[in-house]
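Report on the structure given below.
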Amino acid sequence: NIISLTDKLTPILETTMSLRPDQYTNMGNGLRSARNMLLKDKKGNQKYIVLITDGEPNAALSDDSKDSQYYKKVASFSRSTTMDQKKSLGTHHALIEASKTARQHIKISVVYICPDEKEDKESEKTARAIARIGNGRFHRVKSIEHLPSEALATVGS
């Protein structure tokens, strides 16, 4: 689910609430796609990405084209790669894309969804690093239901 660029919070939150987690988290491609979309806007508006994630980056295949075979490639790669390798490659890819995004003067804030019982220090460390690289904010929520009110704190001021 992608919505058009907007400065209104409500449509962003409504779209976010309808999202469901997938098997793979490719933060790098998400950041690249958002950056490319924002760079098309030539009006001089401030550019800002809010990355909302519930997991560690565990996929790093590039999605430069609208390749309908992309998920099959990710699945094939995943079957032949250990989880540690997937996390390492995914994290590296995400941090590189965050750096490229920041160099384009686009801020990145991260909302990290993680219930207390699913705490993952490495995933949180990566999410915090992306926010730091992107000169944005980091905010942790325990569930998607907490997102609307707590997201306001993340994107405010």
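Because only heavy atoms are used, hydrogens play no part in the values below, and waters and symmetry mates are left out as well, while side chains stay in.
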- request: Heavy atoms only: give me the nearest R35-I106 pair and the separation to one decimal.
  value: CG-CD1, 3.8 Å
query: Taking atom CG of N26 and atom CD of E97, what is their separation to the nearest 0.5 Å?
result: 9.0 Å
- prompt: Would a 4.5 Å heavy-atom cut-off, applied to side chains only, mark H93 and R32 as touching?
  reply: yes
field: Donor-acceptor pair between Y48 and S109 side chains, under 3.5 angstrom
entry: yes
field: Residue pair I108 / I133, side-chain heavy-atom distance below 4.5 Å
entry: no
message: Checking V141 against Y112 for the side-chain contact (heavy atoms from CB on, under 4.5 Å) test, could you report, in this order, the C-alpha distance in whole Å, the side-chain angles of both residues, the deciding distance, and whether it holds?
response: CA-CA 6 Å; V141 297; Y112 178 64; over 6 Å; no
- prompt: Yes or no on side-chain contact (heavy atoms from CB on, under 4.5 Å) for V111 and L51, after CA distance, side-chain angles and deciding distance?
  reply: CA-CA 6 Å; V111 177; L51 173 64; over 6 Å; no
task: Please list, chain by chain and in numerical order, all residues satisfying side chain to side chain donor-acceptor pair (under 3.5 Å) with D41, sequence neighbours excluded.
output: N45
- prompt: When you look at NZ of K107, are more than 12 heavy atoms from neighbouring residues, nucleotides or ligands closer to it than 6.0 Å?
  reply: no
- line: Rounding to 0.5 Å, atoms CG (D84) and CG (L89) come to a distance of 11.0 Å
- line: In short, A94 meets L31 closest at the heavy-atom pair O-CD1, 3.7 Å
statement: Hits for side-chain contact (heavy atoms from CB on, under 4.5 Å) against A131, two or more places apart or cross-chain, chain-then-number order -> V110, F138
- prompt: What are the two closest heavy atoms between A102 and G134, and how far apart are they?
  reply: CB-CA, 4.3 Å
field: Interatomic spacing from CE in M27 to CD1 in I130 - rounded to 0.5 Å
entry: 5.0 Å
message: Suppose the criterion is side chain to side chain donor-acceptor pair (under 3.5 Å): which pairs have a residue in residues 121-133, not counting sequence neighbours?
response: E56-S123, E119-K121, D120-S123, E124-R128, E124-R140
- prompt: Under 3.5 Å, side chain of T91 to main-chain N/O of K87, donor-acceptor pair present?
  reply: yes
message: Tell me if a side-chain donor or acceptor on K42 pairs with a main-chain N or O of L39 at a distance below 3.5 Å.
response: yes
field: Interatomic distance, L95 atom CG to K100 atom NZ [nearest 0.5 angstrom]
entry: 12.5 Å
